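Have a look at the structure below before the remarks.
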Amino acid sequence: MPPTDLNPAQYDAVTTLSGPLLVLAGAGTGKTRVVTYRIAELIRDRSRPVRPDRILAVTFTNKAANEMLERAAVLLGKRLKQKPEISTFHSLCVRILRRHINQLGYPVAFSICDRGDQEGFARSALREIKAADGLLRPGELISFISRWKNASIRPEQAAAEAETDKEHLASAAYRRYQNALKTAGALDFDDLLLCTEELLARDSKVRQAEAGRFDHILVDEYQDTNGSQYRIVKGLAGGHRNLCVVGDDDQSIYGWRGAEVAHILRFKQDWPEAKVVRLEVNYRSTRQILDWSNRLIAFNKLRHPKVLRATCEGEMPRILQIEDEVQEAKAVVAEIAGRIQHLKRRPRDFAILCRTNEQPRAFETELRQAKLPYVLVGGMSFYDRKEVRDVLAYLKVVAQPTDEVSLLRIINTPPRGISQATVKRLLDEAIHRGKPIWEVLPAAGELDGLPAGAAQAVGRLRQMVERFHRQAGRQPPVELAQALLREVAYKNELTRLYPNSDDQAARWAAVEELVNALADYSRRTSEATLAGFLQEVAISGNENEADKQAKLDRDAVALMTLHAAKGLEFREVYMVGMEEGALPHHRSISAAGAAVDEERRLCYVGVTRAQRRLTLTLALSRMKWGKPRPTIPSRFLYELTGKADNPNYLSAKRGVPGREARTGSREPRGKNRRARG
DNA sequence: GACTCGAGTCCCGCC
DNA sequence: GACTCGAGTC
């Protein structure tokens, strides 16, 4: 029997069990609820029950996937033999690729490279094309490549797209980068989508096999699909046409990675028989919060006009101006502590939302001092740590010695007598022979200009890696990792590098935590391999950490970026750093076009996370690059409170063209500077 | 070959 | 402020 605690629109969406369905759902209108109820409904449908594992639900973040999984489990009550497949796009692609990637000329045990690895590949690609230093930095190259990949532009097509000198250089490097990746048997994050798309497009057998695994597909946050994701979904759902997508064009915040709102706006054309359901009653926030939200988002030109209707009243949102970012953190944390103590709130009732990953630091310090439990979502800081990256690089080399980036990382860490000059010589030779550097190592002794000592050191390293590589198949991964750490005396290296014993202990603890994660992975995986662990780490951080988070989530103050907060809700929300340059971010301000509109949607996502109470704070001065600098209040504060004129409601001649052109990319000066699209 | 020091640069967001 | 890179020294 269908659930009765739904409003008519929600009920309609939940009980439409076949054919294409578009759910246009504003913030707080029960979107997640509709999706999970619908999954349960499909499984429990009396007339035509669907086997749980024939349902695929796709989300954008791990957090969203976990949450959906949890809610669906609660709803379905008893333990199911098969579970619906609920995963992120990227995990879905990894599974598809594992089955078929050899058809694209990659090894089945491909590795996934993260941001750090990418930089290594980018660096060597730039070296290969002999780009003059400083012309194009590795980071810049990666963002060019990522932008091309997100638009499904392949290396051979990039040159035609390039306009500036930098872009031409980047297109040449893109080809090398992609070759190097392929040689190393590695995919970057964008490749996961791109290769999956290619597989489905070029081989109808593969497409049929993959599409045939499911009878129903649901896609959350459909407004955030990029071209590849859009085509993958089309390819998988084209046969049965049981596709349900939910989304809100006002919450599209991933334009920078190729997301196109057009996909959700075009749904009815793609699937002409599609049913459209609109959810507009907001059950989450007070009328006061929604008044601010509605007023803010109305400043965006390109959108489907809609107004969220509230179902309850509450207090007015507040704006707090505070001296500097340290005081800001102190004030917010003190207030939270006070409300927990005096008003019996729970830590989990609170969220502190920031624009960038660096902002939470000050709040972390304060929260620790106040002894409030908190959870920092995202940031990936653990896997960014030098010692963790080192150990991971060792494990990667052992799993796959041709992993060039990792090999270069550990080749002289700890120092073993292989100098930069030696590395350069080996690299040149590798480029000359067109082979991975690993395959050049045996010839080190014969290379001109390589000192005998260096050649011997290279030989010793090669033998060690080979030995561990051979053992990798036979020995449990944890034992292997421990033996490896002993062999290279990594603990001694930490002692050598960090004179302070607290630092040493903290860094070694991180190494141990990584080994624990490996142990945990081995316990819950039937055929645990080093490669499997590394793949899991690359795609999701590890489950161990997700577990910890889930536990903490039950009662901890949430500290996260606005991007990470999408899809979540909290009783009381603090949006901090409401300043020009932070929100909207200075990069978006200086970028032409609709970049600021996306910042506005980001702000909208933030304010609509709040259920009962919303506080916006700004610091009047903020440390930047080592110096305190005065700030300017965010334009969004004026828009939220009705202190700014909305150009969408005024005649066009009120605009002052040319003013921005003169100020160029500098931050706006005037306090009352009006927002323009 | 390894280490130190000073100059120069600087990452937005996520999987 | 934190980090990387290159020059200079041991």
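Quick caveat, the model's predicted, so the values are computed rather than measured. Below, chains carry the letters A, B, ... as their sequence lines are ordered, and counting in each starts from 1.
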Counting only side-chain heavy atoms from C-beta out, which of [options] sits nearest to [X]?
{"X": "A:Thr61", "options": "B:dC15, B:dC11, B:dG1", "value": "B:dC15"}
{"X": "A:Pro451", "options": "B:dG13, B:dG1, B:dC15", "value": "B:dG1"}
{"X": "A:Phe189", "options": "B:dC15, B:dG1, B:dC14", "value": "B:dC15"}
{"X": "A:Thr356", "options": "B:dC3, B:dG13, B:dG1", "value": "B:dG13"}
{"X": "A:Trp625", "options": "B:dG1, C:dG1, B:dC3", "value": "C:dG1"}
{"X": "A:Arg587", "options": "C:dG1, B:dC11, B:dC15", "value": "B:dC11"}
{"X": "A:Arg496", "options": "B:dG1, B:dA2, B:dC15", "value": "B:dA2"}

Relative to the 5' end of DNA chain B, which residue comes earlier, A:Pro415 or A:Phe89, by the nucleotide with the nearest heavy atom?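 Its nucleotide being nearer the 5' end, the pick is A:Pro415.
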
When the nearest nucleotide of DNA chain B is assigned to A:Ile253 and to A:Ala421 on a heavy-atom basis, which residue is associated with the more 5' position?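 Nearest nucleotide further toward 5': that of A:Ala421.
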
Between [N] ([atom2]) and [X] ([atom1]): distance, integer Å:
{"X": "A:Gln223", "N": "B:dG13", "atom1": "CD", "atom2": "P", "value": "20 Å"}
{"X": "A:Asp597", "N": "B:dG13", "atom1": "CG", "atom2": "P", "value": "21 Å"}
{"X": "A:Glu140", "N": "B:dT9", "atom1": "CD", "atom2": "P", "value": "12 Å"}
{"X": "A:Met560", "N": "B:dG13", "atom1": "CE", "atom2": "P", "value": "15 Å"}
{"X": "A:His563", "N": "B:dC11", "atom1": "NE2", "atom2": "C1'", "value": "14 Å"}
{"X": "A:Gln118", "N": "B:dC15", "atom1": "CD", "atom2": "P", "value": "14 Å"}
{"X": "A:Ile112", "N": "B:dC15", "atom1": "CD1", "atom2": "C1'", "value": "10 Å"}
{"X": "A:Lys386", "N": "C:dT4", "atom1": "NZ", "atom2": "C1'", "value": "13 Å"}

Heavy atoms under 4.0 Å, any strand shown: does A:Asn412 hit a base, just sugar-phosphate, or nothing?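 Sugar-phosphate contact only.
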
Checking all strands, does A:Gly139 fall into the base, sugar-phosphate, or nothing category for heavy-atom contacts under 4.0 angstrom?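 The residue A:Gly139 makes no contact with any strand.
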
Inspect the contact between [Y] and [X] and indicate whether a charged nitrogen and a carboxylate oxygen are less than 4.0 angstrom apart.
{"X": "A:Glu364", "Y": "A:Arg361", "value": "no"}
{"X": "A:Arg257", "Y": "A:Asp224", "value": "no"}
{"X": "A:Arg622", "Y": "A:Glu325", "value": "no"}
{"X": "A:Asp220", "Y": "A:Lys31", "value": "yes"}
{"X": "A:Lys386", "Y": "A:Asp390", "value": "yes"}
{"X": "A:Arg601", "Y": "A:Asp250", "value": "no"}

Could you tell me how far C:dT4 sits from B:dG13 if I compare only their C1' atoms? Round to whole Å.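 B:dG13 and C:dT4 have their C1' atoms separated by 24 Å.
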
I'd like the C1' distance from C:dC3 over to B:dC14, given in whole Å.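 Between the two C1' atoms, the distance is 23 Å.
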
Below the 4.0 Å mark, does [N] have OP1 or OP2 next to a side-chain nitrogen or oxygen of [X]?
{"X": "A:Ser91", "N": "B:dC15", "answer": "no"}
{"X": "A:Thr561", "N": "B:dC14", "answer": "yes"}
{"X": "A:Asn357", "N": "B:dC14", "answer": "yes"}

Does A:Tyr254 stack onto the base of B:dG13, taking stacking as ring centres under 5.5 Å apart and planes under 30° apart?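 So no, this residue does not stack on that base, at least one cut-off failing.
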
